[in-house]
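Worth knowing before you read on, the calculation uses all heavy atoms, side chains too, and leaves out hydrogens, waters and symmetry mates.
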Amino acid sequence: MWLQWDKAIQDTPESDLPPGLTHEDKLLNICGCYFLAEGPTLRSFYREGLETAAKETPQWRELQFVKVGHRTMHANKFLESS
């Protein structure tokens, strides 16, 4: 299902995509994980998950990314900037 949505995003003219969504965006990135937030901040539940991963599984943490608005950033950079 996720890969079908990614294909639909790719097949939709960019002008018809919702604001903030581009052909470069993928809903499923098989090489890691994303935390998606509605708005500019993560809920505390997700922030705590990122912080726990940093302490307990730093090697897995290298595969985590956060999309904030139009930017995708490495999870470590996200926590440093917020």
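Summarising the geometry of D16 relative to T12, their closest heavy-atom pair is CB-CG2, 3.7 Å, with the distance given to 0.1 Å.
A donor-acceptor contact shorter than 3.5 Å is absent between the side chain of D6 and the backbone of K26.
Taking CD1 from I9 and CG from L17, the interatomic distance works out to 7.0 Å, rounded to the nearest 0.5 Å.
For D11, the side chain to side chain contact (heavy atoms under 4.5 Å, CB included) partners are K7, not counting sequence neighbours. The side-chain hydrogen bond (donor to acceptor under 3.5 Å, both in side chains) test applied to E14 returns H23, not counting sequence neighbours.
Other residues, nucleotides and ligands contribute only 12 or fewer heavy atoms inside 6.0 Å of the CH2 atom of W2.
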